[in-house]
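Okay, so here's the structure we're looking at.
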2 protein chains.
Amino acid sequence: MTDATSRSAAVDVDPEAACPIAPVVDIVFSRWTTPILWALHEYGRQRFVELERRITRITPKVLTQRLRQLERDGLVVRTYHPEVPPRVEYEISELGRSLAPLFATLAEWAAVNLDKVEEARVAYDAG
Amino acid sequence: MTDATSRSAAVDVDPEAACPIAPVVDIVFSRWTTPILWALHEYGRQRFVELERRITRITPKVLTQRLRQLERDGLVVRTYHPEVPPRVEYEISELGRSLAPLFATLAEWAAVNLDKVEEARVAYDAG
DNA sequence: CATAGTAGGTACCTAGAGGAAAGTAATGGA
DNA sequence: TCCATTACTTTCCTCTAGGTACCTACTATG
């Protein structure tokens with residue numbers, strides 16, 4: 001196996017079973033993949049260290065793991081330049097770019113509703 | 001604390017830092033919260049056992065945990081009927097319903113692009 | 001000679017989500 | 001009397017994402 005990067009080998013481990021969006025969640029949304037995709041989507045092609053500095057607190061190990069996973073899933077394109085200090089560039093693929101409307105919807109929902117969630121929590125914790 | 005249900009107490013534990021959609025991911029997308037929200041969104045008000053049967057393989061412990069979390073976040077409304085065998089009904093809240101366009105976008109992306117991801121994986125694993 | 005800088009790899013450890021199995025209160029029915 | 005049902009709770013265990021820390025090759029620069 002290629003791995004340390006790939007997730008569930010089986011395609012239908014149905015925690016989802018009849019929930020058509022669960023597979024997408026598995027591919028696009030996790031603690032670090034979302035910020036990485038967002039950064040590449042917002043700021044264009046970037047080098048490893050740029051991403052590392054932009055995404056605060058991510059460790060190089062995890063950054064490598066997530067980038068490999070995204071590359072394997074076809075969402076990110078990696079370009080290696082065999083120069084003196086090695087140079088690697090990452091950019092979002094066309095498939096990755098197709099997530100744009102999804103990100104827009106998400107950002108909009110966040111802007112409108114995040115504080116409602118916070119209010120709900122306060123109310124719940126009070127009762 | 002209320003808990004075993006609440007996540008990160010601090011609001012800005014910035015794994016995200018300047019990624020506006022990371023908080024939403026934390027609230028809406030996880031292995032089980034997504035299928036639960038989807039089931040309530042698709043099939044309307046349901047009892048605990050109905051959800052348990054619909055969402056294959058979920059354990060009662062986890063179902064309770066996720067439902068409590070969703071209730072606290074204001075996405076789900078819980079109604080308790082103190083009857084002989086107790087009866088509890090769950091339904092999506094108005095805030096939860098506002099996720100509908102998001103789910104629609106997700107479902108559409110899945111329908112169009114999931115097999116492209118699969119192709120990319122096959123190609124990657126071959127090279 | 002030593003250091004810095006790039007893009008990682010590796011070994012080890014922790015924390016938290018989740019799974020398995022059993023228990024609980026209350027009551028109606030066989 | 002025993003069993004079933006509902007909506008959980010509790011205990012114990014596993015598994016994996018992620019964190020910490022250190023190592024690698026290569027070269028330019030002081």
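So you know, we letter chains A, B, ... as the sequences are listed, proteins then strands, and number each from 1.
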| message | Can you measure B:Q65 atom CD to D:dT9 atom C1' for me and round it to whole angstrom units? | response | 10 Å
| remark: B:E52 atom CD is separated from C:dA21 atom P, nearest whole Å, by 15 Å
| field | Phosphate OP1/OP2 of D:dT27 contacted by A:R87 side-chain N/O (<4.0 Å) | value | no
| task | Please state how far atom CG in A:L63 lies from atom C1' in D:dT20, giving the value in whole angstrom units. | result | 16 Å
| message | From C-beta outward on B:S30, which listed nucleotide comes closest to its side chain: D:dT9, C:dT6, C:dG18? | response | C:dG18
| query | Within the side chain of B:Q46, is there an N or O that forms a donor-acceptor pair under 3.5 Å with the backbone of B:R54? | reply | no
| task | Round to a whole Å and report the spacing from CZ of B:R57 to C1' of C:dA20. | result | 14 Å
| Is the distance from OP1 or OP2 of D:dA7 to the nearest side-chain N or O of B:R47 less than 4.0 Å? | yes
| Roughly how many Å is it from CG in B:L67 to C1' in D:dA7, rounded to a whole number? | 11 Å
| request: Rounded off to whole Å, could you give me the CD-to-P distance for the B:E71 and D:dC8 pair? | output: 9 Å
| said: Less than 4.0 angstrom between a side-chain N/O of A:R66 and OP1 or OP2 of D:dG18, yes or no? | reply: yes
| said: C:dG9, OP1 or OP2 - any side-chain N/O from A:R68 closer than 4.0 Å? | reply: yes
| message | With a cut-off of less than 4.0 Å, is there a side-chain N or O of B:R31 near OP1 or OP2 of D:dT16? | response | no
| Under 3.5 Å, side chain of A:E50 to main-chain N/O of A:R47, donor-acceptor pair present? | yes
| query | Between A:K61 and A:P85, which is nearer to the 5' end of DNA chain C once each is assigned its nearest nucleotide? | reply | A:P85
| note | Residues at least two apart in sequence or cross-chain that pass ring-ring contact (aromatic ring centres under 6.0 Å, His included) with A:F48, listed by chain then number, are none
| To the nearest angstrom, how far is A:Q69 atom CD from C:dG8 atom C1'? | 17 Å
| remark: Walking DNA chain D from its 5' end, the first of B:P60 and A:T59 to be reached, judged by nearest nucleotide, is B:P60
| message | With a 3.5 Å distance limit and no angle check, can you tell me whether A:T33 reaches the backbone of A:V28 through a side-chain donor-acceptor pair? | response | yes
| task | Give the rounded distance in Å between these two atoms: CD of A:E89 and C1' of C:dG8. | result | 16 Å
| message | Donor-acceptor check, side chain of B:E108 to backbone of B:T105, threshold 3.5 angstrom: yes or no? | response | no
| said: Under 4.0 Å from OP1 or OP2 of C:dA7: is there any side-chain N or O of A:R78 that close? | reply: no
